[in-house]
Structures are given as structure tokens and as C-alpha cells.
Amino acid sequence: MISFVSGPVAALAPDTAVVEVGGIGMAVQCTPGTLATLRIGQHAKLATTLVVREESLTLYGFADDDERQVFELLQTASGVGPRLAQAMLAVHNPDALRRAVATGDEKALTAVPGIGKKGAQRLLLELKDRLGDPVGPGQGIGAPVTSGWRDQLHAALIGLGYATREADEAVTAVAPQAEAVLADGAQPQVGQLLRAALQSLNRAR
């Protein structure tokens, strides 16, 4: 098992980072929130887990060991494969998932693409004694943008290889969404803003 990869980031895509390890480019599937912290050419260390299938070997990467552990625990529930587990972590950070399960928050789970009302009810039952209690204060869904969201989102898009003009346009496109969240007294989430920005760029092409 490959428990982590460490090395310079060679390439970034909307759902993948390529990390150079010993002259080999390791493609690692990551959530938008994790990808937003990476920059091409800069050193990165990602906790990883290798998912083996008959037709493929897929390496999933995480910001830390806690996120990887939750990813693996989620898959102990029936009907949850690696892609759905990663989608859950793309929408919720580990503590937000623990909190949702501990409080029976069905609505939080149905916010994840691919999880309906019945699926959420089943997951709440199956995961209740597996994820444990939240370990920190937490901020709810995803990784919160604690400083200027415009700068963080712009830097993430540049890190993904987009031109400055494209990054500027994408930031402008998602500004109403971010401002609406701020108006409600909450903090915009970097993963959600990045996904919306990438969708706007794809539509523009």
C-alpha cells in the first residue's frame, strides 16, 4: 500500500494532481479543496490510499491522515465506493461528516451528489458507530475560506494552469455566490467556489 506521496507537483487537473516521486509521475485523485492548496512546481505531501480493481489501480490523495481515515471508513457502509466517499469529502470536511452522522443530519448528506433521502437514512444508521465524534470546532461544509476568497480562488485557478484572464473571469462569475454567503454571515467555501468556477470556465470554452 502507498500511504503517502511526496515531491514536486508536476501537473494539476480539476480532479487530479500529478506528483513526481523518484522520477515517476504519480496521478492522485483529490477533492477540489485539496487541489486548491497545491501549486505546480511546489513540493507537496499527500496522504494516499490505493484502490485496486480488476481493471484499474487508482491512487486517492488527501490533505492529511484524518481525511484518508474517514475516506476509508465511509467505504465500510454498503453502497459507498471510493468515488462517492470522495464526493462526500468534497462537500464536507471530516468533522462536518462526523457531526452530520452524530446528529442524524439527513439534509447534510443529501447535499452530496449521488445521495438521496433513503441513501442518507441508511448511511446515518450504518456509520453511526464508525466515524466517531468530531475532533475539532469545525466550520461546517468543506474547507472554509478564512481570508480573502478572491485571492485564494484566483491562486487555485492559476495553480490549475488557467491564464490570468480566465481566472479573473471565473472569479467574477462566482462572485455573486460568494457575496450571498457572506451576506448570510457565513464564510464561502474554497471547494464549492472552485467547482463553480471550473464549471463557468468549461461553459465558456
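All residue numbers refer to positions in the sequence shown, counting from 1. Keep in mind that this is a model prediction, so the values were computed, not measured.
Each side-chain hydrogen bond (donor to acceptor under 3.5 Å, both in side chains) pair with one or both residues in residues 174-186, not counting sequence neighbours, would appear here, but there are none. Residue pairs meeting the side-chain hydrogen bond (donor to acceptor under 3.5 Å, both in side chains) criterion with at least one partner in residues 6-30, sequence neighbours excluded, are Ser6-His43, Thr16-Gln29.
Scored by the side chain to side chain donor-acceptor pair (under 3.5 Å) test, Arg53 finds no partners at all (sequence neighbours excluded). Partners of Pro94 under the side-chain contact (heavy atoms from CB on, under 4.5 Å) rule, at least two apart in sequence or in another chain, are Asp66, Glu67, Val70, Leu89, Arg98. Here Tyr60 pairs with Phe71 under the ring pair (Phe, Tyr, Trp, His ring centres under 6.0 Å) rule; sequence neighbours left out.
Between Leu50 and Leu57 the shortest side-chain heavy-atom distance falls below 4.5 Å. Using a 4.5 Å heavy-atom threshold, the side chains of His154 and Leu157 count as separate. Within the 4.5 Å cutoff, side-chain heavy atoms of Leu97 are placed close to those of Leu74. Looking at Ser3 and Arg68, their side chains come closer than 4.5 Å, going by heavy atoms from C-beta outward. Looking at Val101 and Arg130, their side chains never come closer than 4.5 Å, going by heavy atoms from C-beta outward. Residues Thr31 and Val91 fail the side-chain proximity criterion, which asks for heavy atoms closer than 4.5 Å.
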Notebook entry, point to check: Between Phe4 and Val19, is a side-chain contact (heavy atoms from CB on, under 4.5 Å) present by the stated rule, with each step listed?
Noted result: CA-CA 11 Å; Phe4 72 88; Val19 180; over 6 Å; no
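Cluster annotation: Val174 is connected to Leu182 through the hydrophobic network of ILVMFWY side chains, with a link wherever side-chain heavy atoms come within less than 4.5 Å. Hydrophobic cluster membership is shared by Tyr162 and Ile40, with clusters built from Ile, Leu, Val, Met, Phe, Trp and Tyr side chains linked at under 4.5 angstrom. Leu12 and Leu201 fall within a single hydrophobic cluster, where Ile, Leu, Val, Met, Phe, Trp and Tyr side chains are chained together by heavy-atom contacts under 4.5 Å.
Pairing each heavy atom of Asp65 with each of Ala47, the nearest pair is OD1-CB, 3.5 Å. The shortest heavy-atom contact between Leu38 and Ala17 is CD1-CB, 3.7 Å. Pairing each heavy atom of Leu35 with each of Ala13, the nearest pair is CD1-O, 3.4 Å. Leu127 and Ala77 get closest at one heavy-atom pair: CD2-CB, 4.0 Å. Of all heavy-atom pairs between Phe62 and Thr49, the closest is CE1-CG2, 3.7 Å. What you find for Ala178 and Leu193 is that their closest heavy atoms are CB-CD2, 3.9 Å.
With values rounded to the nearest 0.5 angstrom, Leu123 atom CG is found 13.5 Å from Lys128 atom NZ. Atom CG in Leu131 sits 9.0 Å away from atom CD in Gln69 (nearest 0.5 Å). Separation of atoms CG (Leu46) and CE (Met26) is listed at 11.0 Å; rounding is to 0.5 Å. How far OG1 of Thr48 is from CD1 of Ile2: 6.0 Å, rounded to the nearest 0.5 Å.
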List the atom pairs, donor and acceptor, that lie under 3.5 Å between side-chain atoms in residues 105-112 and the rest of the protein, sequence neighbours left out.
from: Asp105; atom 1: OD1; to: Lys107; atom 2: N; distance (Å): 3.3
from: Asp105; atom 1: OD1; to: Ala108; atom 2: N; distance (Å): 3.2
from: Glu106; atom 1: OE1; to: Gln121; atom 2: NE2; distance (Å): 3.3
from: Glu106; atom 1: OE2; to: Lys117; atom 2: NZ; distance (Å): 2.8
from: Thr110; atom 1: OG1; to: Glu106; atom 2: O; distance (Å): 3.4
from: Thr110; atom 1: OG1; to: Lys107; atom 2: O; distance (Å): 3.0

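Looking only at distances, a side-chain donor or acceptor of Arg39 sits under 3.5 Å from a matching main-chain atom of Ala36.
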